[in-house]
Engineer: 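I am attaching a structure below and will ask some questions about it afterwards.
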Number of protein chains: 2
Amino acid sequence: MGRRTCHYGGVASTSASAGVLLRHVRTGRARSRADLVALTGASRNTISARVDQLIAANLLEEGGRGWSTGGRPPTLLQFNSRAGCVLAVDLGVTSVDVAVTDLSAQILGTVGHPIDIADGPGAVLAEVDRLAQQVLADVGLTPGDVCAIGIGVPGPVEFPTGRPSHPPIMPGWHDYPVPSAFGRYECPVYVDNDVNVMALGEIGVAGSSQDVLVVKVGTGIGCGVIVDGRVYRGAQGSAGDIGHIHVAQPDGRTVVCRCGQENCLEAIAGGGALLRDAIAAGLPVGTVREVVRLAAEGNGVALELVRGAGRTIGTVLASLVNFFNPHRIVMTGGVAQAGVPLLAGIREAVYRRSMPLAARALEITVSEAPDLSGRVGAALMAIEEFLDEESVQALAR
Amino acid sequence: MGRRTCHYGGVASTSASAGVLLRHVRTGRARSRADLVALTGASRNTISARVDQLIAANLLEEGGRGWSTGGRPPTLLQFNSRAGCVLAVDLGVTSVDVAVTDLSAQILGTVGHPIDIADGPGAVLAEVDRLAQQVLADVGLTPGDVCAIGIGVPGPVEFPTGRPSHPPIMPGWHDYPVPSAFGRYECPVYVDNDVNVMALGEIGVAGSSQDVLVVKVGTGIGCGVIVDGRVYRGAQGSAGDIGHIHVAQPDGRTVVCRCGQENCLEAIAGGGALLRDAIAAGLPVGTVREVVRLAAEGNGVALELVRGAGRTIGTVLASLVNFFNPHRIVMTGGVAQAGVPLLAGIREAVYRRSMPLAARALEITVSEAPDLSGRVGAALMAIEEFLDEESVQALAR
DNA sequence: GGACTAATGGTCAGTGGTGAGCAAAAGTCT
DNA sequence: AGACTTTTGCTCACCACTGACCATTAGTCC
């Protein structure tokens with residue numbers, strides 16, 4: 001999601017734009033026109049007119065009456081999440097997942113396929129398109145029903161244009177105009193870094209104006225930074241790149257990272273490192289997923305490996321907690337599926353080394369569906385951006 | 001400065017509020033009405049009316065004609081920085097500096113005095129008031145001329161109320177309503193953490209919408225975090241508290257910090273540590289200031305100590321650069337007066353351990369006046385907040 | 001049933017910003 | 001000198017939002 005600036009001037013500056021109203025209803029902050037009046041401070045008049053517009057546009061529905069608080073009960077408003085659908089693409093290094101969701105990011109159908117990101121944008125995006133057609137057909141929809149497309153890719157992206165920007169692990173993708181590959185859907189295409197996308201998925205429909213870190217532990221380690229409910233990107237768009245932060249090994253060991261540096265966080269505690277250490281410990285595993293499963297089954301060695309990774313990640317997060325003082329940290333990605341042992345290691349390190357003021361109220365959790373957050377986040381990104389543009393159009397009418 | 005939210009609705013939502021126009025002129029982004037039209041997108045009509053209001057309020061002045069670009073030359077607009085004055089207070093642990101500045105944060109007069117912050121708010125603020133009266137008299141102004149007061153204090157502050165919040169090194173100050181001590185000035189009083197205040201001073205008149213870290217190395221080490229030109233505070237307002245981030249000592253030594261933890265950044269590389277190490281190395285010094293002076297004079301031992309501190313700070317900053325990807329890092333505080341050797345150590349560590357994408361364009365500098373940035377920042381905070389409130393009033397008329 | 005209350009709809013004058021159009025001022029370019 | 005350009009001032013129709021007012025609806029409370 002792009003940094004949303006305050007629109008001064010122009011059509012979008014209205015005190016209660018259609019997009020804002022929609023967001024209030026979608027997030028459940030508002031259930032009636034009266035709620036919207038209270039939330040936005042706009043006049044009943046304005047709200048009424050806008051809500052009528054949104055109902056006419058089929059984006060809102062009236063849904064019966066609510067509880068009375070002494071007088072006439074409110075007419076409940078509902079977001080019509082079936083007003084359209086979006087394509088959500090979670091592009092990984094070795095696989096891609098494509099989902100069709102409704103406008104509430106509820107997954108209607110999904111399909112995955114192994115790929116090699118290094119095959120380049122042409123081949124990979126053709127495969128994505130094939131999967132999209134397949135999953136659309138599965139749920140009985142056509143390309144014409146797609147309102148927007150959201151794509152998360154494993155590398156930095158110049159968000160406004162949807163072009164990857166010097167991605168280290170996506171050879172051949174630099175500056176490729178990803179949206180152009182979906183021209184035939186005739187709808188907006190939003191592309192962002194997969195971690196940013198996941199972060200959106202974890203904070204839910206944007207709006208919780210909080211400061212959150214979403215840490216993805218997969219093969220590598222990355223972090224989505226949410227400042228006041230919005231994705232923070234930094235100067236070059238590389239904020240949250242915590243995988244190559246230097247970590248001191250207590251035993252003085254040295255591990256060389258794929259980036260060439262020594263003792264990077266992800267070289268010690270990432271999924272690749274976990275697999276390597278599990279094999280070295282004699283566990284019968286061939287993938288990270290298997291290590292995580294062993295830990296989930298209670299295998300002592302696997303448990304200790306995961307917990308150790310958590311501790312290492314926790315030492316880095318402890319520093320970031322002091323610096324960033326987030327409300328919440330959410331763990332996601334493949335390794336996060338291990339759940340409890342990872343969390344235990346992280347909490348151990350964070351609570352030991354962060355300042356009490358910042359750590360006391362800090363919530364550290366694991367994503368409820370680490371394997372889905374990429375798709376859900378991509379869908380949410382597409383929905384949020386789409387509805388904002390839509391709202392401007394609604395106003396223009 | 002408080003997190004400035006996007007004002008939807010109400011009087012302040014105008015596309016080009018007086019405060020915004022003023023800021024454009026003050027920062028030099030706009031020099032004429034035409035510039036303001038181009039910058040804000042508002043109509044000529046609106047801009048003209050607003051500028052007239054501001055001129056009537058004596059906040060803007062017309063100042064001759066500018067260069068022609070082919071047609072009629074613009075009438076230049078100037079901010080009238082003599083329309084009032086502000087009090088800027090830089091409250092330290094062992095001393096306080098009070099300055100009177102004009103509305104451009106130009107210092108008209110200043111005076112300092114040793115204090116002990118532990119004497120509590122009553123005694124200390126009485127002393128501040130005495131100094132304020134003195135410096136006002138020095139420059140021929142009266143309390144009635146003061147438009148606003150800005151105060152930086154060495155601890156966390158609940159900004160909206162101006163009350164310190166569990167400050168670890170300000171015994172007796174918790175929840176004390178600092179602004180109430182300046183009631184007789186009958187003007188708004190803004191209180192914030194000294195590091196946040198300094199950060200404001202370093203980015204200049206707010207508006208450079210950039211992401212910046214302002215690192216203060218005094219007795220302790222703290223960091224002001226600027227996100228998109230605004231102070232970032234985090235969940236409990238303790239963001240930027242990097243002094244107690246854990247640092248691995250290469251030689252395995254252990255240093256106990258005043259906070260009780262081991263190997264905190266400021267216990268190894270703060271001013272106190274620098275003094276301790278300088279004395280241990282046999283240098284004839286009694287204060288941090290003297291160590292810094294020796295380094296400035298080219299003393300080899302002092303130089304190496306400062307550079308070493310820089311390296312240690314740099315290892316922490318390297319992690320933060322990866323995570324935060326700032327445009328710029330500015331060093332300030334007493335130790336930063338050492339300049340080159342400190343910077344050399346920091347750059348050495350940062351460029352070695354940060355990701356190239358984030359480090360390449362990163363600017364690391366030393367404040368131009370580390371000893372003044374507290375006062376200038378406090379003045380700027382007061383001015384910015386005051387002019388924003390003023391602008392709302394101007395609109396109400 | 002009657003009084004009260006909250007949610008909503010509709011009307012209408014008032015206000016503030018927009019954008020177009022006209023005019024004047026004060027330069028540059030040929 | 002005359003054409004052109006840019007900046008600024010002024011007027012006016014237009015539009016969106018506000019706030020006041022009145023009316024209706026559909027509940028609760030007594």
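Each chain gets a letter, A, B and so on, in the order its sequence line appears, and its residues count up from 1. FYI, side chains are in, hydrogens and waters are out, and symmetry mates aren't considered; it's all heavy atoms of this structure.
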Engineer: Show, in sequence, the C-alpha distance, side-chain angles and deciding distance for B/Glu62 and B/Arg33, and conclude whether the salt bridge (charged side-chain N to carboxylate O under 4.0 Å, His left out) test is met.
Structural biologist: CA-CA 10 Å; B/Glu62 296 196 331; B/Arg33 292 170 177 81; 2.6 Å; yes
Engineer: Tell me, for nucleotides 21-27 of chain C in 5' to 3' order, what letter each nucleotide earns: B for a base near a protein heavy atom under 4.0 Å, S for only sugar-phosphate near one, - for neither?
Structural biologist: B--BBBB
Engineer: Let me know the distance between CZ of A/Arg33 and P of D/dT25, rounded to the nearest Å.
Structural biologist: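 Spelled out: CZ on A/Arg33 to P on D/dT25 is 16 Å.
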Engineer: What is the distance from CG of B/Leu36 to P of C/dG17, rounded to the nearest Å?
Structural biologist: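 Those two atoms, CG and P, are 15 Å apart.
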Engineer: Without decimals, in angstroms, what is the distance between A/Asn45 CG and C/dA13 C1'?
Structural biologist: 12 Å
Engineer: Verify the contact: side-chain N or O of B/Ser48 to OP1 or OP2 of D/dG9, cut-off strictly under 4.0 Å; return yes or no.
Structural biologist: yes
Engineer: Quick one: which of C/dT18, C/dG9, D/dT8 gets closest to the side chain of A/Asp52?
Structural biologist: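 Nearest nucleotide to the side chain: C/dG9.
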Engineer: In a check of side-chain contact (heavy atoms from CB on, under 4.5 Å) between A/Val178 and each of A/Thr161, A/Ile149, A/Ile151, which one passes?
Structural biologist: A/Ile151
Engineer: Between C1' on C/dA6 and CZ on A/Arg31, what's the gap in Å once rounded to a whole number?
Structural biologist: 16 Å
Engineer: Does the distance from a Lys or Arg side-chain N to an Asp or Glu carboxylate O, for B/Glu384 and B/Arg26, drop under 4.0 Å?
Structural biologist: yes
Engineer: Using OP1 and OP2 only, check whether a side-chain N or O of B/Thr46 sits under 4.0 Å from C/dG17.
Structural biologist: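 So the side chain of B/Thr46 is outside the cut-off, no N or O lying under 4.0 Å from OP1 or OP2 of C/dG17.
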Engineer: Can you check the B/Leu76 CG to D/dT6 C1' distance for me, whole Å?
Structural biologist: 14 Å
Engineer: Does atom CZ (B/Arg163) have a neighbourhood of more than 12 heavy atoms from anything else shown, all under 6.0 Å?
Structural biologist: yes
Engineer: Would you find a donor on one side and an acceptor on the other, under 3.5 Å apart, between the side chain of A/Asn58 and the backbone of A/Ala83?
Structural biologist: no
Engineer: Got a donor-acceptor contact below 3.5 angstrom from the B/Asp211 side chain to the B/Asp228 backbone?
Structural biologist: yes
Engineer: Between P on C/dA7 and CD on A/Glu62, what's the gap in Å once rounded to a whole number?
Structural biologist: 15 Å
Engineer: What's the CD1-P distance between A/Ile55 and C/dT8, to the nearest Å?
Structural biologist: 11 Å
